[in-house]
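Since the structure comes first, as structure tokens, the remarks are kept for the end.
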Amino acid sequence: METIAPANASARKSNAAWTLIDSDSGDASGAGIPAQYPRLGGQHAEYVEAQLTTFRSGARTNSPQMMDIAGRMSDAEIKAVSDYVAGLH
């Protein structure tokens, strides 16, 4: 698995969280590979932030992997990863 170094400082702090999400959702471009994984690249930051927050709170339970990942993320990490994902294309 390739680990990406996010461009901005707050996203770099969340590199460990991004590595977990990257391994769960496909490749470094945010494209979901294989098809059962969602395409994250270019997704709206607000949407990603809302989904990670609902996974963390337990309100969204359809992915145990994402519940585990989001459960370990702080608000700042969720925001940084959401902003980073929004910039992928």
Contact summary for V85 and L40, nearest pair of heavy atoms = CG1-O, 2.9 Å

Between D68 and F55, does a side-chain contact (heavy atoms from CB on, under 4.5 Å) hold up when you go through it step by step?
-> CA-CA 8 Å; D68 180 49; F55 278 122; over 6 Å; no

Of all heavy-atom pairs linking V48 and Q43, the shortest is CG2-CG, 3.6 Å

Quick one: do K79 and D75 make a salt bridge, cutoff under 4.0 Å?
-> no

Could you check N62 against M67 for side-chain contact (heavy atoms from CB on, under 4.5 Å), going step by step and ending with a plain yes or no?
-> CA-CA 8 Å; N62 64 312; M67 290 176 67; over 6 Å; no

What is the minimum heavy-atom distance between M73 and R56, and which atoms define it?
-> O-NH1, 3.1 Å

At what distance, to the nearest 0.5 angstrom, does CD of E49 lie from OG1 of T54?
-> 11.0 Å

Is the side chain of T61 donor-acceptor paired with the backbone N or O of G58 at a distance under 3.5 Å, no angle test?
-> no

